[in-house]
Amino acid sequence: MDPILSFKNVGFRYDRSWAMRNLNLDIRPGELWGILGPNGSGKSTLLSVADGILAPQEGQVLLENIPMSSFTRLALAGKVAMVAQESYFRFSFSTLEVVLMGRFPHLKRFQFEGKKDIEVAFKALEATDCLEIAQRSIHELSGGEKQRVLIARALAQEPTIILLDESTSFLDLRYKKEIFDLIFSLTRERGVSVLVVSHDIDLSAQYCDRMVMLKGGRIHSTGVPADVITVSNIESVYGCQVIVDKNPAKGSPRVSLV
């Protein structure tokens, strides 16, 4: 199966400092990727380049085997959706109104949402278990509910790739699991590719098909979770002693601090 998103020797720098360099990755349809690494390792930069917000100074990014630089911003939004760590809404939009914002790539200038847009929005609400809160204000929602709504908004864009930047950082365990359950189901049921930046190594290892661990803006290791989540990799990248064993319920790698 051909990659839907490819990084070919990609490098990006802010001023003189390289935030990412020599990045080579192939993301295939329906894969869930975990992006790991300490603060400042290049995780968010990777997502911004994948979203087309940042243009690499070295190499190129291919979307469906086409250079990303050849897409317009609007065309990209119809294929790649970003869910940020936090989103602030100045006005008290309803959940439905927030999800309908995801339809902007499919509307002409000054065009209002039509029947199809409403149908797509409700399907996104249903897929994220948000139908019951469709009329509630976004300001009234809990952190977990709000993240599900933001994923629903991303789904309403009808993308082939969804990027999540530490979307579970401030959630409790229940909501973290719910978000990972949701994005995992999207890859399996809809064939959407998902890249998720997370500091939760254990949870990522349970759900992700493949992982990439970054150090200083470069790939330190990549592969299936069992190949990436090792004692030597964790200690080299994070600079702390750990024990890595297996989750007794899932069999996925589990990390404990020494």
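With contacts defined as side-chain heavy-atom distances shorter than 4.5 Å, the pair Arg28/Ile4 does not qualify. Residues Val10 and Gln60 are not in side-chain contact: their nearest non-hydrogen atoms beyond the backbone lie 4.5 Å or more apart. In this structure, Ile161 and Val194 have side chains that are not in contact, with every pair of non-hydrogen atoms separated by 4.5 Å or more. Using a 4.5 Å heavy-atom cutoff, the side chains of Tyr207 and Val196 are not in contact.
Within a 6.0 Å radius of CD in Glu119, more than 12 heavy atoms belonging to other residues, nucleotides or ligands are found. More than 12 heavy-atom neighbours from other residues, nucleotides or ligands sit within 6.0 angstrom of CD on Glu235.
Minimum heavy-atom separation, Leu164 to Leu47: O-CD1, 3.5 Å. Minimum heavy-atom separation, Ala127 to Leu182: O-CD1, 3.4 Å. Between Ala205 and Ser252, the shortest heavy-atom contact is O-CB, 3.6 Å. Taking both residues in full, the closest heavy atoms of Ser44 and Asp165 are given as OG-OD2, 3.1 Å, listed atom of the first, atom of the second, then distance. Of all the heavy atoms in Lys79 and Pro159, the pair that sits closest is O-CB, 3.4 Å.
In this model, no donor atom of one side chain and acceptor atom of the other lie less than 3.5 Å apart for Asn247 and Asp202. Remark: the Asp26 side chain and the Ser6 side chain contain an N/O donor-acceptor pair separated by less than 3.5 Å. Side-chain contact, Tyr238 with Asn233: no donor N or O sits under 3.5 Å from an acceptor N or O.
No chain of hydrophobic side-chain contacts below 4.5 Å, direct or via other Ile, Leu, Val, Met, Phe, Trp or Tyr residues, connects Leu62 to Met68. Hydrophobic clustering (side-chain heavy atoms under 4.5 Å, transitive across Ile, Leu, Val, Met, Phe, Trp, Tyr) keeps Ile219 apart from Trp18.
A salt bridge links Glu178 with Arg174: the closest approach of a Lys/Arg side-chain nitrogen to an acidic carboxylate oxygen falls below 4.0 angstrom. Electrostatic pairing of Arg13 and Glu58 does not count as a salt bridge here, judged by no charged N lying under 4.0 Å from a carboxylate O.
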Take Thr45 and Tyr14 through the test side chain to side chain donor-acceptor pair (under 3.5 Å) and record every step on the way to the result. CA-CA 10 Å; Thr45 300; Tyr14 301 96; 3.1 Å; yes
After noting the C-alpha distance and the side-chain angles of Lys176 and Asp172, does the key distance pass the salt bridge (Lys or Arg N to Asp or Glu O under 4.0 Å) rule? CA-CA 6 Å; Lys176 285 185 178 183; Asp172 61 30; over 6 Å; no
